[in-house]
Structure formats: structure tokens, C-alpha cells
Amino acid sequence: MKSIVITGGAGFIGSHVVREFVLKYPDYQIINLDALTYAGNLANLKDIEGCSNYTFVKADITDAGHILDIFKQYLPDGIIHLAAESHVDRSISDPLAFVMTNVIGTVNLLNAAKEIWGEDFSGKLFHHVSTDEVYGTLGDTGLFTEQTAYDPHSPYSASKASSDHFVRAYHDTYGLPIVMTNCSNNYGPNHFPEKLIPLCIHNILNNKPLPIYGNGKFTRDWLYVIDHARAIDLVFHRGKLGESYNVGGFNEWQNIDLVKELCKQMDEKLGREEGKATQLITYVKDRPGHDLRYAIDATKINKELGYQPSVTFEEGLSRTIDWYLENQDWLDQVTSGEYQNYYEKQYQ
Ligand code: NAD
Ligand code: DAU
């Protein structure tokens, strides 16, 4: 039986990765290691929490001693590392939290893996889950490939870039077996409503303004979260050691067009008169250091591993909205308490 530690498994993407592995690989023992910060929520995994091949361990990856003890106890063959501070706006107000979790936390995991694996790396793998934001920003044309030079601009992307460099350094220096994935913007169920799509869904439901940073012409490349989980599964099992793979769906949207599409679908689903939600669109102060455009060239993962997204954007967005409409208690739970303070401070 393979033992796999998935860090950040109670978060948005992590919970979909945990579910994919628990259900698809009954012979694997899946250990979800998560600190349960504001972004971690065990309700995301209610449907699989009783599975015999699933274990949850509450731990903070900045605590090196605790991480080593857990690794010694569970002796993982694989680590899939998603735990992170993930929101760009929060990184602007509190960069150090991002250094602690994303940089120090990653190095702690690398050290623990190196210690328990010793010199024998056969059947072992450290899969680091990273982001396209490490590449910085594109102009109106071009795509990020795996060869694009790193050029991060926000404290979040700088911390992720740093963690990527450490992961590669452990491969080059100690021979640690690693793979890496750099994915574009995800969307889907369980997305915390500090990010653009779930924030707008929540605000449309509550007839609150939809804050669009700057002129709204910033562009992101959106991928349905389950398709990211599928890509992680593929690279974890078939990726070449030491390599990184860009993951995306060739699906670019300017923020303003995306929010208008969301408004259209929400009005239809809520039986509201057409154009009602778009009236909530409000242009607000831009994000400092805001990257203009991200777009992934996913040719390598497609050609080498046969990866294709399974869901069109229209279908994925429709499924996402349906999930939020059917899970308003989840939204109510995560938007109470600390979220209100964050929201007031961020949007005043
Ligand atoms: P998220 O913020 O929804 O979840 C992060 C999870 O990590 C939470 O469960 C949280 O409790 C946990 N965590 C945070 N700090 C921790 C710590 N110190 N110790 C242990 N656990 C801790 O994030 P997400 O959007 O699911 O992103 C997951 C990973 O994927 C991140 O590494 C992120 O950089 C990367 N990524 C995200 C996107 C995206 O669009 N969201 C795209 C590409 C890559
Ligand atoms: O590209 C991958 C990255 O995507 C991940 O690494 C990050 O973890 C994830 O948070 C996401 O980062 P972004 O900054 O692109 O996502 P966010 O949803 O915060 O913003 C998407 C775009 O929408 C961006 O151009 C900023 C804009 N925006 C965002 C918010 C929250 C607004 O216009 N208004 C808002 O209120």
C-alpha cells in the first residue's frame, strides 16, 4: 500500500485532489495534512471522511518538528504539496505570512522527506503544486511555457517562486525525486469567496456590489478545479522526474467579460430579470502590482501525458454556480466571522 501525504487537503484545490485520490486509489493510504487556516474547511470533504483509506492530521507546515514526527509516523512514499497562503490581496497586506508558509513551510517538508527517505529514493516522489503567477505578466500576446523566466511581482508569487526554486534545488543538490505543476486560475465548487468568481457569486446572491479592480481588462486563464486535480494525478503518476508541467485550458477571459458572463448565468438561474446582476458591477481601486495577463501554453502536458481538460468553461461555470446555489449553508459558514472583517478592510 502506498502512503501519500497531501498538504493543504482541506482547501479549495486540495480537497478535490484528496477526493480524486481517495476514491480512485483504494489501495493508497491518503493522509490529509492541513493547519485549517481560514481557508481550510473539513466540510469540503464530508462525503469521503468515512473512507477507510483516508486520514486527517491537523498540523502547521511551519512547525518543522511536528512535520518530521508525522512523516516518521506515516512514512509517506509520496507527498503532494498544496498547502499555501494563496490569495494575492492578503499577501499585499501581510507578506510575512506568505514567506512563513510558502517558503519555510515548503523547506520543512523537503527536509522531512529527505530525512525519512535517506539515500533510497526508489518509489518516492515529492510533487510540488505551484502557479503560473511565478512567470509574472504577459503583454497582449504570447503564452507562458515551462521555459519562461520567473518574474514574480506580488509577495504571493514571489513566495511561490522561491518555493519552486527550493524544490528544484533539493532535486539538483540531494537528488530528491520531484515533479512540479504550474497551473493557471482555478474555479469550481468549494472556492473561498475572497477570489473573483465565488466573491461575485456571493455578492450577486446578496445584491451587493461586484468590485472590479482597475479597468477590468486584466486577463486570466481559467481551468475547472477537477481538471486541475486530474492533471496532478497524471503528473504524479507519469511525470518525468525533475520536470515541471504547465497546466491550463487555453481559456482566457478579461475579468469584466467573465463577470458579465457570470451575471448572465446567475440572472437566468435565479429567475431574475436579464441585466439585473450587471447593474451591481462597480469599478474600484486597482490591485497594486496587478499583473495584466496570464495565459498558459499547456502543450507539454498534452503531448507528453495526453492531458486534456474534460469540461468546457460554459459547462464548468454553470456547474460551479449550481454548486453554490445548492450549498448556501457552506457559503454562510465561510462568510461569517473573520471574513466580514477581511471584506470590510479590503473593500471599505
Ligand atoms: P486555499 O487557500 O484554498 O487552501 C490552502 C490550504 O492550505 C488550506 O486548507 C489551509 O488550511 C492550508 N494551509 C495554509 N497554511 C498552512 C500551513 N502553514 N500549514 C498547513 N496547512 C496550511 O488554496 P488553493 O487555492 O486550494 O491553492 C492550493 C495550492 O495550489 C496552493 O499552493 C496554490 O499556490 C496553488 N495554486 C492555486 C491556484 C488557484 O487558482 N487557486 C492556481 C494554481 C496553483
Ligand atoms: O493564476 C493562478 C493564481 O490564481 C493562483 O496562484 C492564486 O492562488 C489564485 O488566487 C489566483 O490568483 P488571482 O490573483 O489571479 O485570482 P483572484 O481571483 O484574486 O483575481 C482574479 C482577477 O480578478 C485578477 O485580475 C484580480 C481581479 N479581481 C479580483 C478580486 C478578488 C477583481 O477585479 N476584483 C476582486 O474583488
Side-chain angles (χ1 to χ4, degrees), residues 6-18 32-42 44-45 57-63 66-67 80-92 97-98 100-102 104-106 108-109 128-135 137 144 154 156-157 159-160 163-164 181-188 190-200 203 209-223 225 228-229 232 246-248 253-256 258-259 281-287 290-296 343 346-347:
I6 300 181
T7 73
F12 166 46
I13 302 169
S15 61
H16 290 278
V17 175
V18 166
N32 172 10
L33 187 163
D34 197 296
L36 298 183
T37 68
Y38 78 93
N41 188 347
L42 289 177
N44 295 348
L45 291 162
V57 178
K58 187 168 189 289
D60 188 328
I61 60 170
T62 64
D63 183 345
H66 193 197
I67 294 303
I80 304 179
H81 174 35
L82 295 105
E85 287 293 340
S86 69
H87 190 37
V88 173
D89 292 327
R90 289 189 194 246
S91 82
I92 294 167
F98 287 67
M100 294 307 293
T101 288
N102 299 358
I104 310 285
T106 300
N108 287 339
L109 291 166
H128 181 57
V129 177
S130 192
T131 169
D132 61 359
E133 297 203 10
V134 296
Y135 298 122
T137 187
F144 295 135
S154 71
Y156 163 68
S157 53
S159 69
K160 290 297 290 187
S163 69
D164 291 12
T181 39
N182 293 78
C183 190
S184 63
N185 285 62
N186 286 213
Y187 70 97
N190 309 100
H191 205 181
F192 194 81
E194 63 190 350
K195 311 278 169 67
L196 181 68
I197 290 180
L199 184 145
C200 287
N203 286 10
L210 309 179
I212 306 292
Y213 294 162
N215 63 8
K217 294 195 185 299
F218 299 84
T219 300
R220 297 293 183 264
D221 181 356
W222 294 92
L223 184 72
V225 63
H228 187 186
I232 290 172
N246 282 356
V247 184
W253 285 78
Q254 284 194 348
N255 293 337
I256 187 63
L258 170 64
V259 170
I281 289 176
T282 309
Y283 289 92
V284 300
K285 190 162 63 89
D286 202 359
R287 172 187 279 176
H290 198 171
D291 287 331
L292 177 68
R293 176 172 165 259
Y294 303 147
I296 280 279
Y343 196 90
Q346 177 65 22
Y347 297 97

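Whatever order the structure lists them in is the order used to number ligands and atoms, beginning at 1.
- Under the 3.5 Å distance criterion, with hydrogens and angles disregarded, a donor-acceptor pair is assigned to the side chains of Asn190 and Asn44.
- Looking at ligand 2, you'll find an N or O of Asn255 within less than 3.5 Å of one of its N or O atoms.
- Residues Ser130 and Asp164 have side chains that bring a donor and an acceptor to within less than 3.5 angstrom of each other.
- At a heavy-atom cutoff of 4.0 Å, ligand 2 is contacted by no atom of Lys160, backbone or side chain.
- Geometrically, ligand 2 and Thr131 share a nitrogen or oxygen pair separated by less than 3.5 Å.
- Ring centers of Tyr156 and His87: at least 6.0 Å apart, outside the cut-off.
- Legend: residues meeting side chain to side chain donor-acceptor pair (under 3.5 Å) with Ser159, ordered by chain and number and at least two apart, are Asn102.
- Annotation: side chain to side chain donor-acceptor pair (under 3.5 Å) contacts of Tyr347 (sequence neighbours excluded): Tyr213.
- Every protein residue with a heavy atom nearer than 4.0 Å to ligand 1 is included here: Gly8, Ala10, Gly11, Phe12, Ile13, Asp34, Ala35, Leu36, Thr37, Ala39, Gly40, Ala59, Asp60, Ile61, Leu82, Ala83, Ala84, Ser86, Thr101, Val129, Ser130, Thr131, Tyr156, Lys160, Cys183, Ser184, Asn185, Asn186.
- Taking the side chain to side chain donor-acceptor pair (under 3.5 Å) definition, one finds that Arg90 meets it with Tyr38, Glu194, sequence neighbours left out.
- Listed by number with element, the atoms of ligand 2 under 4.0 Å from a non-hydrogen atom of His87 are 19 (O).
- In this structure, a donor-acceptor pair under 3.5 Å is absent between the side chains of Asp60 and His66.
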